[in-house]
Protein chains: 2
Amino acid sequence: MTAPSPLTAHLGYWLRLVSNHVSARFAERLDRLGITVAEWVALRLLFDADSLPPSQLAARMGLTRGAVTKLADRLRARGLLARSADADDGRGVRLALTEAGRALVPALAEAADRNEAEAFAALSAEDRALLHGLLTRIATRQGLTAPPLA
Amino acid sequence: MTAPSPLTAHLGYWLRLVSNHVSARFAERLDRLGITVAEWVALRLLFDADSLPPSQLAARMGLTRGAVTKLADRLRARGLLARSADADDGRGVRLALTEAGRALVPALAEAADRNEAEAFAALSAEDRALLHGLLTRIATRQGLTAPPLA
DNA sequence: TCGATATAGTTTCCATGGAAACCAAAAGGC
DNA sequence: GCCTTTTGGTTTCCATGGAAACTATATCGA
């Protein structure tokens with residue numbers, strides 16, 4: 001009958017602590033540009049993909065389709081994203097960046113770069129590589145090259 | 001003029017991906033016991049502290065006081081937590097576990113232990129220690145032995 | 001001691017995201 | 001070719017948590 005594990009006994013606790021902090025700081029930076037973290041992820045994915053159905057975006061972001069509908073509405077209202085009907089599928093929709101959306105991405109990426117540098121300043125380049133290796137090892141073992149959902 | 005960094009270029013991305021996944025899996029486990037992750041954290045902190053003012057709990061959990069008020073209400077409604085007036089400060093409140101709340105903590109801690117084992121199964125004991133070291137190094141550098149808030 | 005200020009807690013309002021119900025179109029079985 | 005089932009997307013409802021306003025008490029300075 002040992003004492004119940006304290007919070008700090010779990011790697012999961014530290015992972016969450018650091019991750020939340022890094023994301024919160026990143027959110028602050030993005031906020032200055034009027035963008036949320038989720039919006040950044042969507043914009044960056046669409047930057048490469050050119051156009052995606054909401055379901056694809058949802059899968060890659062680890063969100064539900066419902067959440068993506070709403071996210072897309074917000075981005076569309078600000079003129080950063082356009083929605084068009086899928087030519088082949090009467091139900092389908094394609095999401096794509098507008099010119100304004102595309103033009104915004106580099107600045108956001110720079111914010112991400114700066115955040116990254118600041119967040120992991122405590123680690124040497126080798127240690128950062130080490131951390132990267134450990135995290136990706138867990139990720140692949142858990143089968144998540146993509147979604148943290150369910 | 002290089003291309004904007006892809007999401008996967010940032011450690012922060014992997015950190016968030018893995019952290020969210022681990023927390024989501026943990027949330028599933030706790031859900032079977034009718035508890036959320038935030039509730040677990042509160043219960044575990046109160047288990048050691050015996051009694052805390054809401055502001056203290058908020059600080060240690062990285063939540064606002066408003067959020068703690070509501071969290072405490074939920075736990076109180078389920079008979080896991082009791083609220084009492086502070087003897088010395090007319091404004092103050094003390095939160096403490098009920099017997100039922102206290103009795104629940106060991107089972108929750110075991111769920112946390114099992115989650116931990118499953119989540120980091122990809123890593124050897126040495127690698128887990130390594131990861132722990134890297135994360136705590138970042139945490140202390142960022143001044144967060146406690147709150148991811150602000 | 002009284003008035004100004006600070007502090008503890010709560011409440012209200014808002015934003016985000018999940019779950020599930022729902023609708024329309026496509027695909028499959030016969 | 002129909003009827004059932006599946007799939008893509010949206011909508012509705014709910015839960016959680018932050019921000020800011022608000023209340024009550026305590027503290028500080030003159």
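We name chains A, B, ... by the order of the sequence lines, and we start the count at 1 in each one.
- Each of R91(A) and V68(B) was assigned the nucleotide of DNA chain C with the nearest heavy atom; the assignment lying further toward the 5' end belongs to V68(B).
- Look at CZ on R74(A): it is 16 Å from P on dC14(C), rounded to the nearest Å.
- To the nearest angstrom, C1' of dG18(C) lies 10 Å from CG of L63(A).
- A donor-acceptor pair under 3.5 Å is formed between the side chain of R94(A) and the backbone N or O of S51(A).
- Here the C1' atom of nucleotide dG9(D) and the CG atom of D73(A) are 11 Å apart, to the nearest Å.
- Using a 4.0 Å cut-off, some side-chain N or O of R83(A) falls inside it from OP1 or OP2 of dT10(D).
- Between G66(A) and G92(A), it is G92(A) whose nearest contact on DNA chain D lies nearer the 5' terminus.
- Rounded to a whole Å, the CG atom of L71(A) is 15 Å from the P atom of dT11(D).
- By the 4.0 Å N-to-carboxylate-O rule, R76(B) lies close enough to D73(B) to be salt-bridged with it.
- In terms of phosphate contacts, S55(B) brings no side-chain nitrogen or oxygen within less than 4.0 Å of OP1 or OP2 of dT7(C).
- Of the side-chain N and O atoms in R94(B), none sit less than 4.0 angstrom from OP1 or OP2 of dA8(C).
- What separates CZ of R65(B) from P of dA8(C) is a distance of 7 Å, to the nearest Å.
- Counting only distance, with no hydrogens or angles, the side chain of Q142(A) and the backbone of E118(B) share a donor-acceptor pair below 3.5 Å.
- Using a 30° and 60° split on the angle between ring planes, H10(A) and W40(B) fall in the tilted class, from 30° to 60°.
- Applying the 4.0 Å criterion to OP1 and OP2 of dG18(C), one finds that T64(A) has a side-chain N or O inside that range.
- Protein atom CG of D89(A) is 12 Å distant from nucleotide atom P of dT7(D), rounded to whole Å.
- The distance from atom CG of D88(A) to atom C1' of dG8(D) is 14 Å, rounded to the nearest whole Å.
- Put simply, NZ on K70(A) is 8 Å from P on dG18(C), counting in whole angstrom units.
- Checked for salt-bridge contact, E110(B) and R29(B) miss the test: no charged N lies under 4.0 Å from a carboxylate O.
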